[in-house]
Amino acid sequence: MSDRTFVGMQVGGISFIDEGIEETLDIFVEKAGVNAIFISALSWARGNAGRSGSNDFPDHGGQEPDHLQGGAFFPPDPRYYHGTSIKDFTAPDPLYEGFDILGDVIPAARERGIDVFPYYCETAHVNPKPLWQPGFAQVLEIDPWGRKASRPCMYNPDYRNWWFGVIDNWLSEYDLAGMLWGIEREDPLSSMIVSDEVPTCFCVHCRSEAHRRGIDAGRAAEGYRKISDYLSAVRAGHQPRDGKLITFLRHLFEYPEVSQWQKLWWDGHKDLYREISGLVRFFGDDYQVGFGIWQMINTFNPLLRAAHDPAEYKLYADWLKPVFYNAPGGARFAKFVTNLCQTILGDATPSEWTPILYKILGLDEAPFEDLPPTGFSPQYVADFTRRYVEAVGPEVAVYPGIGLGVETVARDISPADCEAMVEASFDGGAGGVMISRNYSELTLTNLAAVGNALRRLGKI
C-alpha cells in the first residue's frame, strides 16, 4: 500500500452481478474515494456475500432475497488441493454460474487504482452450514459428549491444508494485494455462557495436542460437561446456595483442566493466524496481511478480551480491522449482558451489571435501558481505535471497521452517524477506514457521507 489514506470497502460478488462491475467500482471511487476492495471470494454467510437478509433493501442492487448457498465464488484449481479432502467447493448458486469474482473484477479495479484483497470472515452463527460441500463433515469439531459439532476444528490438518490450498490458489492465480482473514468464534466457555451452545473441540487432533502438553483430556471434557449441566440448570431457574457466579467459579477450581483447554483452544486459532501470515509472505514481501477482529473480542466479552492482546499482532499483521460498529453496538451489548445475567451474572440485573462491565471494559455509554435505540457513541470508536493504535505501535496500521449498514441496529443509521464514525476513527489515530459490513446492506446516501467526511478532513 502507498502513503495514501486507506479507504477500504467490503463487498460480495452479488453486488457486481446486480449492478455491474465497472458501475459498482465507479460508485465506490466517486462517492467515497475507495482505493481498496475486500471481496468475499469464499463464504457461506449472507452477511458477507449476499444481499440484505432483512427484506429492507437499500437504494441500490437487487430488491429480493438471493437465497445464498455460498462456497467459492472463484473457480478452485484442483492443483492446489491435493493435501485435503475438501476439493469440490464452488458455489452452486445459479446467479454465479460462469462468474469469477476475482478474475472478472481485478482488471477493472486495477484500472481505477483500486487494490484487491480477498477476505474471509467466519461468522459467529452456527448457520448457515456448508451442507452441500463434499468433505466438510470430515473436519468438524467434536463436543465433550463425543458428538460431531457444527464448525471446523482449527487443529484438523485437513482443514488447515484446505485453507493453505485456497491461499496458494488465490496468490498464484490472481493479481492481489494480499488478504484479510477473520474468525468470529467464541471460546468453549463463552459458547456455553453467552450463546447456550456446546463447547468444543475434543477431536483426535485436539486430544493429541493435549497429550503433548500434559493435559488430561478426559478431565477437561468432564469439567465442560459439568459446567454445561450447571448452566442449563441455572437457565431453568435453579438458584444455587452460594450464588450463580461463585458456584460457576467453584466448578473452574474443581476442574483446572478446563482453563488449560481454553488456552489450548485459543492457541489453535492463533497458530493458524500466524501460519496464514507466513504463507502469504512466502509469495512476496509486498503482500499485505490483515486480520479482522470481532466486536465481541475487542469490546464486549472480558474472557475474549483477555485472550487477545492486540500487541501480539505485531508479530504477524501488517494492519488490523477491529470491528467498531457503534450504531448497533448498543443492541449487541444489551443482548450480551442479558445473556450473561441468565447464567453466571444472574445474581444481579442487566441494569445493575452494565455500569460495572463498562468500568471493566473501559466503556462510557448509555444506561442499559437506553442502549438499543441509542447505540454506542462515536467517542467509543475514537477511544477503542486509540487503544489498538497504542497497542500495536507504528509497525501495524489500524483501519477501524465502521458499520454503515448492519442488520442488528435498533434504529436507522443516518449520514450524520456515518460522518461521525469517520471523524472518530481519525481522532483515534487510524490510518484509514474499512467501510462495512457489506456494500449490499448500506445506502448510497450513507456511502456518500463517508466521502464527504473524508474530503472535509483532507484525507482524499
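These values consider heavy atoms only, across backbone and side chains, with no hydrogens, waters or symmetry-generated copies.
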*Asks:* Are Phe38 and Trp319 close enough that their ring centres sit under 6.0 Å apart?
*Replies:*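 Between Trp319 and Phe38, which both carry aromatic rings, the centre distance is below 6.0 Å.
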
*Asks:* Between Glu173 and Arg79, is the closest basic N to carboxylate O distance under 4.0 Å?
*Replies:*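 Salt bridge between Arg79 and Glu173, a charged N being under 4.0 Å from a carboxylate O: yes.
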
*Asks:* Which value, rounded to the nearest 0.5 Å, describes the distance between Thr200 atom OG1 and Glu186 atom CD?
*Replies:*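 Reported value, rounded in 0.5 Å steps: 10.5 Å.
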
*Asks:* Is Arg456 salt-bridged to Glu419, going by a charged N under 4.0 Å from an acidic O?
*Replies:*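 So Arg456 pairs with Glu419 through a salt bridge.
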
*Asks:* With a 3.5 Å cut-off and no angle check, do the side chains of Gln10 and Arg437 form a donor-acceptor pair?
*Replies:*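 No, no side-chain donor-acceptor pair sits under 3.5 Å.
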
*Asks:* Under a 4.0 Å N-O cut-off, is there an ion pair linking Arg112 with Glu22?
*Replies:*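 Yes, this pair counts.
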
*Asks:* Could you name each residue pair satisfying salt bridge (Lys or Arg N to Asp or Glu O under 4.0 Å) that touches residues 61-70, not counting sequence neighbours?
*Replies:*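 Listed once each, the pairs would be none.
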
*Asks:* Give a yes or no on whether the ring-centroid distance for Phe73 and Phe89 is below 6.0 angstrom.
*Replies:*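 Ring centres of Phe89 and Phe73 not closer than 6.0 Å.
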
*Asks:* Would you mind checking if Glu423 and Lys459 are paired as a salt bridge, meaning a charged N to carboxylate O distance below 4.0 Å?
*Replies:*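 Answer for the salt bridge query: no.
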
*Asks:* Parallel under 30°, tilted from 30 to 60°, perpendicular over 60°: which one fits the rings of Tyr316 and Tyr313?
*Replies:*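 Taking Tyr313 first and then Tyr316, their aromatic rings sit tilted (interplane angle of 30° to 60°).
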
*Asks:* For the pair Arg386 and Asp427, find out whether any cationic side-chain nitrogen is under 4.0 Å from an anionic carboxylate oxygen.
*Replies:*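 Salt bridge absent between Arg386 and Asp427.
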
*Asks:* Does one side chain, of Thr299 or Tyr380, offer a donor that lies under 3.5 Å from an acceptor on the other?
*Replies:*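 Thr299 vs Tyr380: donor-acceptor pair found between side chains.
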
*Asks:* Below 6.0 angstrom between ring centroids: does that apply to Phe28 and Tyr439?
*Replies:*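 When the ring centroids of Phe28 and Tyr439 are compared, they turn out to be within the sub-6.0 Å range.
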
*Asks:* If a pair satisfies salt bridge (Lys or Arg N to Asp or Glu O under 4.0 Å) and one of its residues is in residues 302-321, list it, with sequence neighbours excluded.
*Replies:*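 As it turns out, the salt bridge (Lys or Arg N to Asp or Glu O under 4.0 Å) pairs with a partner in residues 302-321, which skip direct neighbours, are Lys270-Glu312, Arg281-Asp318.
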
*Asks:* On a heavy-atom basis, which atom in Ala32 and which in Val7 lie closest, and how many Å separate them?
*Replies:*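 In this case the closest contact between Ala32 and Val7 is O-CG1, 3.5 Å.
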
